[in-house]
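Order of listing sets the numbers, starting from 1, for every ligand and every atom in it. From a predicted model like this one, the values you see are computed outputs, not experimental measurements.
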Amino acid sequence: MSETINVEELFASRVFTLGKMKERLTRQVFAEVKRVMEQGGELPLSTADVVAKAMKDWAVENGATHYTHWFQPLTGITAEKHDAFVSHPDSEGRMLMEFSGKELIKGEPDASSFPSGGLRATFEARGYTAWDMTSPAFLKEDATGVILCIPTAFCSYTGEALDKKTPLLRSMEAVSQQALRIVHLFGNREATKVVPSVGAEQEYFLVDREKYLQREDLIFAGRTLFGAPAPKGQELEDHYFGTIRERIGAYMKDLNIELWKLGVTAKTQHNEAAPAQHELAPIYESANIAVDHNQLVMETMKKVAGRHGLTCLLHEKPFAGVNGSGKHDNWSLCTDNGVNLLDPGDTPNANIQFLLVLACIMRAVDTHADLLRQSASDVGNDHRLGAHEAPPAIISMFLGEQLDDVVKQLVETGEAAHLIEGGKLETGVSTLPDFEKDATDRNRTSPFAFTGNKFEFRTVGSADSIASPNTTLNAIVAEAFCEAADTLEQETAQGKEFELAVHDLIKEYMTRHQRIIFNGDGYSKEWVKEAERRGLPNIGSMVEAAGTLTTDKAIRLFEKFGIFNRAELESREEILYETYAKTINIEALTMINMANKKYIPAVVGYTRTLADTVIAVREAGADATVQAELLGEVNVLLAAARKALKELERVTAEAGAMQDARAQAFFYKDTVKEAMEALRTPVDALEMLVDKKVWPVPSYGELIFEV
Ligand code: ADP
Ligand code: MG
């Protein structure tokens with residue numbers, strides 16, 4: 001019935017892969033390209049010309065008419081400006097499609113409208129995009145036609161990063177250099193590079209497009225700003241891993257095909273905890289490519305939804321009262337000769353390289369818990385973090401029973417003599433095999449959990465780029481590796497035995513940073529108190545987190561490894577305040593608009609109907625008490641809604657007039673958001689009272705159950 005899908009043939013068919021380059025370039029040019037890709041440096045212009053021509057020919061053969069430097073400004077999404085491969089016609093009016101090495105390597109989009117946090121005054125609005133050879137070019141197809149997309153980094157005229165990719169690439173180099181020092185000390189001399197690997201599990205909601213279009217809050221804010229809970233939520237836990245409905249299945253199939261074409265290894269798909277919520281996970285890859293691919297995943301999810309009469313919501317909290325969406329960022333470090341530094345092996349207690357790496361990560365996360373928290377904050381994520389569902393806003397590490405015990409032994413006695421075994425899990429059915437029990441049990445409430453051979457950073461928001469969390473992770477771990485390598489190199493130079501030096505360092509780090517380990521329930525109130533006792537930061541919101549970027553500790557860290565300079569950090573903090581203020585302002589204006597134009601008129605109309613009914617019933621000589629009571633109740637809520645609306649209008653105007661970005665962001669958080677809640681409460685209560693036929697927008701039940 002259904003056509004066969006040849007995944008092997010489809011896969012990366014829209015990507016200018018290394019394989020395609022090899023086919024289309026001379027051996028010498030290809031070798032040059034590969035060398036720059038692996039070792040950095042610049043391609044000579046003559047070589048770039050050859051590569052550009054091959055890339056253009058391939059793109060044109062596949063229907064491309066335009067190319068774009070595809071980049072990731074600080075808006076968190078991607079940007080592109082299309083240029084046709086069109087050139088001056090010759091004297092006979094013939095036009096040949098052209099694309100030069102210069103155009104491939106460097107672009108100059110008008111950068112004045114991207115957020116720069118004051119780094120780039122508009123009078124010198126120049127920003128440059130530079131080809132990132134480590135991420136392959138690909139073809140995007142939509143109504144515009146076929147566009148050749150060239151992944152690029154985006155910098156200012158003076159070299160400051162204006163995007164998310166530049167610092168990510170810098171952080172990858174930093175962690176590679178420092179991790180290499182560690183593996184070299186342990187005798188792995190063949191490794192020339194250590195690459196952070198990342199696999200991002202993406203959660204999303206799907207709603208019916210017709211219904212979506214009836215809700216301004218979904219259109220403008222990406223989340224519902226009003227809405228009474230449906231009679232049923234996720235309490236039956238019948239959606240998680242449930243059978244995938246036909247319409248959703250057709251969507252997932254289509255989505256996979258589109259992603260495979262783009263070289264994204266879409267691997268797992270399932271229903272998530274909330275109704276209408278789903279997840280997709282690709283296979284992990286180099287952090288840089290994983291970041292690019294996650295952007296493509298988000299974009300493709302939205303695009304494909306349209307074809308199925310659906311809308312994909314990537315917001316962290318589209319619906320109050322049911323789970324929000326996140327993005328589990330799985331992260332590990334692998335050498336280019338195949339060693340995963342986070343692989344404990346069968347006997348982690350005896351694997352001292354692994355234990356040192358673990359000790360360094362404990363040190364990194366404890367020292368910079370605030371920065372890690374910041375790296376995963378965005379406006380939408382404020383609704384999840386610390387709100388009893390996603391990981392809490394407090395950063396802690398989960399190691400699982402076995403490793404936890406190893407750490408305890410090391411801290412207490414300086415030795416880890418024994419190992420808790422996973423043991424066998426007996427199924428009790430003779431026809432089923434018994435399983436080896438995993439020694440790293442799962443703890444779903446931990447924000448930073450060790451899961452076998454990687455850490456899973458679960459705090460990241462679903463709509464956010466994964467560039468910042470990975471940049472921060474790489475940076476803080478680079479710092480810890482650097483300190484450890486410094487110490488070990490010094491001590492061994494002074495004659496201390498290497499094994500002993502490593503051993504002492506592991507014990508020291510684990511003892512000093514043991515407070516970051518927490519294996520209990522991260523959602524509990526007790527943990528908040530316990531974390532406070534331990535002195536772990538509990539940063540409640542994105543605006544409070546923004547300031548962590550410019551502490552002396554943060555500036556020292558990022559400047560030391562050339563990832564951000566002070567000006568870049570200050571500008572990023574500024575942009576966060578601006579983004580926050582703008583986003584909440586849009587939400588407030590949307591609420592005002594919906595209340596004024598939809599909810600209040602609908603309820604006013606309804607009171608009129610009720611009043612008419614009361615009169616009619618009384619005239620008929622019957623008792624109209626119930627009708628009159630209902631009218632009274634509705635009237636009270638209507639008055640409350642109107643009062644709250646006026647207050648929201650007042651504070652939103654006040655917020656808009658503020659000059660200082662930080663103060664303004666805090667005002668939006670503390671005052672405007674509260675006024676928004678105050679308006680939502682009576683409107684949601686009215687939704688429960690008013691005749692369904694007159695309610696002006698689709699309900700939660702219709703949005704999340706009728707997809
Ligand atoms: P879960 O059971 O939590 O869904 P999976 O094994 O499905 O875990 O992995 C989730 C994600 O982690 C996938 O994207 C997967 O490719 C990625 N992943 C697996 N191993 C590693 C690793 N060593 N480093 C980084 N990511 C990894
Ligand atoms: Mg997972």
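At a heavy-atom distance under 4.0 Å, only side-chain atoms of Asn340, from C-beta outward, approach ligand 1.
Looking at His328, Lys454, Lys267, it is Lys454 that brings a heavy atom closest to atom 5 (P) of ligand 1. Between atom 4 (O) of ligand 1 and the options His270, Glu201, Glu456, the minimum heavy-atom separation is to Glu201. Counting heavy atoms only, Ser197 comes closest to atom 25 (C) of ligand 1 of the residues Ser197, Ala290, Ala200.
The shortest N or O to N or O distance between Asn330 and ligand 1 is under 3.5 Å. Between Ser332 and ligand 1, at least one N/O pair is under 3.5 Å apart. At under 3.5 Å, a nitrogen or oxygen of Tyr284, whether backbone or side chain, sits near a nitrogen or oxygen of ligand 1. For the pair Val198 and ligand 1, the shortest N or O to N or O distance does not fall below 3.5 Å.
Under 4.0 Å is where a charged nitrogen must lie from a carboxylate oxygen, and between Asp329 and Arg458 no such pair does. A salt bridge is defined here as a Lys NZ or Arg NE, NH1 or NH2 lying under 4.0 Å from an Asp or Glu carboxylate O, and Glu299 with Lys140 meets this definition. Ion pairing between Glu258 and Lys303 fails under the 4.0 Å rule for side-chain N and carboxylate O. Looking at Glu316 and Arg223, no side-chain N of the basic residue comes within less than 4.0 Å of a carboxylate O on the acidic one, giving no salt bridge.
Residue contacts with ligand 1: Thr268 is excluded, as none of its non-hydrogen atoms falls under 4.0 Å.
Side-chain contact, Asp132 with Ser135: no donor N or O sits under 3.5 Å from an acceptor N or O.
The closest side-chain heavy-atom distance from Leu314 to Cys312 is below 4.5 Å.
For ligand 1, the atoms closer than 4.0 angstrom to any heavy atom of Ile283 are 16 (O). Taking every non-hydrogen atom of Gly199 and a distance limit under 4.0 Å, the qualifying atoms of ligand 1 come out as 14 (O), 26 (N).
Because its NZ or CZ atom is both nearer than 6.0 Å to the ring centre of Tyr509 and within 45° of the ring axis, Arg363 counts as a cation-pi partner of that residue.
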Evaluation steps, side chain to side chain donor-acceptor pair (under 3.5 Å), between Asn381 and Asp464:
CA-CA 9 Å; Asn381 223 8; Asp464 208 4; over 6 Å; no

